[in-house]
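Worksheet for the structure shown next.
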Amino acid sequence: MKIWEDDNQKYIKAMMEKNTTEQNEKLTKRLEEIDFSVLEHIERKETVNERGVFAPLDAVEVSEIEARGAEFKELGLKAIREGKVGAVLLAGGQGTRLGLDRPKGTLNIGVAKELYLFEQLLRNLMDVTDEAGVYVPLYIMTSNINNADTTAFFEEHDYFGYPKDYVKFFVQEMVPACDYEGRIYMESQTEVAMSPNGNGGWFSSMVNAGLLSDIKERGIEWINVFAVDNCLQRIADPMFVGATIAYGCESGAKVVRKAAPDERVGVLCTEDGKPSIAEYYEMTEEMSTARKENGDLKYGFGVILNYLFSEKKLEQIADARMPIHVVEKKIPYMDVDGTFVKPEQPNGYKFETLVLDMVHMMDDCIPYEVVREREFAPIKNLHGVDSLDSARELMKGCGIEL
Ligand code: UTP
């Protein structure tokens with residue numbers, strides 16, 4: 001059955017009843033192009049994360065990093081200088097919690113002066129490239145929704161002083177969004193409400209965009225992937241790269257020590273012997289409060305969306321299917337009576353793959369501890385927890401002039 005023949009699909013039906021023949025031709029053509037199989041995941045949403053057996057995974061803690069700092073740094077800088085390290089900025093999200101109508105990276109995080117989130121991230125990267133004396137190729141993932149605005153912003157600001165040749169944009173794929181009953185939302189009379197398909201497909205999107213040849217030509221062996229919203233993010237951090245190499249691992253994840261046993265962060269551990277991330281809601285009380293002999297939490301380190309992956313391994317898993325997460329979000333849509341609705345609260349589902357699921361596809365992963373106050377200031381909301389306000393405080397604490 002075609003999706004527009006399904007009586008349950010009230011938004012599509014309503015538009016079709018209102019549309020002219022021409023508009024309907026356009027709409028049906030569009031509907032035929034879209035893969036609606038993601039809807040099947042609604043029924044399976046409770047089981048998407050059926051998990052194996054979790055066990056703790058020891059982190060490379062700050063004390064060890066300090067003791068072996070010179071060795072890690074030298075190894076990391078060497079890899080960077082040899083052009084073996086690339087970075088991927090995940091900027092395809094819609095930042096619905098922040099409620100901006102433009103890319104999150106264009107947010108002005110300054111107070112007395114203008115300082116854009118993208119600008120701060122580029123500065124953080126340039127701390128490393130200044131020290132290494134070479135540039136690190138930076139790939140930026142956008143979506144159809146924000147690609148034009150993002151690229152224009154970089155042009156307008158002259159790439160914040162980073163050489164343009166080292167920056168490449170690629171666009172991630174989109175999937176339809178629906179209400180809680182699985183009814184596809186419409187964005188207009190002829191367009192389906194589509195949303196970016198999560199941050200887990202970044203490598204396959206890079207491949208689809210033809211960037212694998214660029215990666216290979218440049219001889220990149222390690223890719224550091226990170227989120228747009230952490231303004232204290234250290235990018236292509238030589239110590240992190242060096243530690244991952246020194247440990248002989250094919251991936252690494254930056255982690256912070258949990259503030260409390262019940263802190264709502266995903267914890268890096270093992271699952272059936274392979275590295276994995278246990279979400280806070282998947283942890284039993286027993287797991288989250290279990291302690292080692294020295295009193296530290298056994299599951300004591302949370303991920304901050306900063307990972308290092310071996311490029312070779314990424315190629316091997318590029319075609320692997322990733323779990324699809326059904327997430328509740330605010331989805332603007334055209335109602336059956338033709339009014340456009342911008343919801344204040346989540347009103348339906350988006351379908352996303354997540355980069356954290358890639359960790360479980362690795363044979364090993366080192367949890368690399370960083371100091372939260374130095375490296376973790378995510379901006380998810382305007383105020384409150386993980387917000388612009390809290391990030392500004394943290395930035396000031398790091399001596400960054402705002
Ligand atoms: P979040 O999970 O915080 O999602 O993204 P979001 O879309 O930015 O924000 P909300 O939940 O709607 O408020 C974490 C990182 O992953 C990127 C984001 O840009 C951010 O850097 N991301 C997320 C993508 O690149 N693509 C996506 O489809 C989703």
Side-chain angles (χ1 to χ4, degrees), residues 38 87-107 109 116-118 120-122 124-125 138-147 149-151 153 169-177 193-206 208-209 223-233 235 253-254 264-266 277 279-280 302-307 322-332 342-359 376-388 390-391:
V38 282
V88 173
L89 164 55
L90 300 173
Q94 286 179 288
T96 51
R97 282 169 284 177
L98 201 58
L100 273 190
D101 275 339
R102 50 198 168 81
K104 211 186 223 187
T106 66
L107 181 72
I109 54 177
Y116 302 104
L117 190 44
F118 279 138
Q120 182 58 38
L121 293 175
L122 268 287
N124 296 350
L125 174 58
L138 174 66
Y139 303 91
I140 302 177
M141 181 164 87
T142 62
S143 77
N144 277 334
I145 298 171
N146 67 15
N147 185 60
D149 287 345
T150 306
T151 50
F153 195 76
F169 297 89
F170 64 100
V171 178
Q172 70 175 103
E173 281 83 43
M174 307 280 281
V175 283
M194 302 289 283
S195 66
N197 66 348
N199 57 28
W202 64 272
F203 190 72
S204 44
S205 297
M206 279 183 94
N208 292 343
I223 299 186
N224 179 208
V225 53
F226 61 98
V228 70
D229 45 34
N230 173 10
C231 51
L232 289 182
Q233 192 88 259
I235 303 156
K254 285 203 168 185
R264 294 174 153 222
V265 288
I277 287 145
E279 291 286 6
Y280 68 89
V303 287
I304 61 168
L305 221 175
N306 187 318
Y307 301 100
M322 296 188 74
I324 292 182
H325 297 255
V326 181
V327 285
E328 294 187 19
K329 294 249 180 168
K330 292 184 246 178
I331 305 155
K342 260 190 136 183
E344 298 284 323
Q345 297 300 327
N347 62 329
Y349 298 128
K350 288 187 180 177
F351 302 89
E352 299 190 339
T353 59
L354 302 179
V355 62
L356 58 82
D357 286 318
M358 260 184 181
V359 171
F376 191 43
I379 303 175
K380 301 286 182 191
N381 307 288
L382 269 183
H383 309 291
V385 180
D386 293 345
S387 66
L388 179 58
S390 59

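Numbering of ligands and ligand atoms starts at 1, following listing order.
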Can you tell me which residue and heavy atom of the protein come closest to [atom], and the distance to 0.1 Å?
atom                    : result
atom 28 (O) of ligand 1 : G198 N, 2.8 Å
atom 20 (C) of ligand 1 : L90 O, 3.7 Å
atom 16 (O) of ligand 1 : N199 ND2, 3.0 Å
atom 7 (O) of ligand 1  : Q94 N, 3.0 Å
atom 2 (O) of ligand 1  : R97 NH2, 4.2 Å
atom 26 (N) of ligand 1 : Q172 OE1, 2.7 Å
atom 4 (O) of ligand 1  : K329 NZ, 3.8 Å

Is [X] in polar range of ligand 1, meaning some N or O pair under 3.5 Å apart?
X    : answer
V228 : yes
G93  : yes
G95  : yes
K380 : yes

Discussion item. Below 4.0 Å from ligand 1: does a non-hydrogen atom of L305 turn up there or not?
Written reply: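 Judged by the 4.0 Å heavy-atom criterion, L305 does count as contacting ligand 1.
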[Y] backbone acceptor or donor facing [X] side chain under 3.5 Å:
X    : Y    : result
K254 : F376 : no
N146 : S143 : yes
N124 : Q233 : yes
N306 : A253 : no

Have [X] and [Y] got a donor and an acceptor in their side chains that come within less than 3.5 Å?
X    : Y    : value
Q94  : K329 : no
N197 : Q172 : yes
D386 : N381 : no

Item to complete: Check whether any side-chain heavy atom of F118 sits under 4.5 Å from a side-chain heavy atom of V228, and report yes or no.
Response: yes
Worksheet item: Considering residues at least two apart in sequence or located in another chain, which fulfil the side chain to side chain contact (heavy atoms under 4.5 Å, CB included) criterion with D149?
Response: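 D149 satisfies side chain to side chain contact (heavy atoms under 4.5 Å, CB included) with P103 once adjacent residues are dropped.
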Item to complete: Determine whether the side chain, the backbone, both or neither of A227 has a heavy atom under 4.0 Å from any heavy atom of ligand 1.
Response: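 Both backbone and side chain of A227 come within 4.0 Å of ligand 1.
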Worksheet item: salt bridge (charged side-chain N to carboxylate O under 4.0 Å, His left out) with K342: which residues, sequence neighbours excluded?
Response: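 Checked K342 against salt bridge (charged side-chain N to carboxylate O under 4.0 Å, His left out); matches are D101.
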Fill in: Where ligand 1 meets T96 - atom numbers and elements under 4.0 angstrom, heavy-atom basis
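In order of numbering, the contacting atoms are 9 (O), 10 (P), 12 (O), 13 (O).
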Fill in: Atoms in ligand 1 flagged as close to G92, the criterion being non-hydrogen separation under 4.0 Å
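In order of number, 19 (O), 24 (C), 25 (O), 26 (N).
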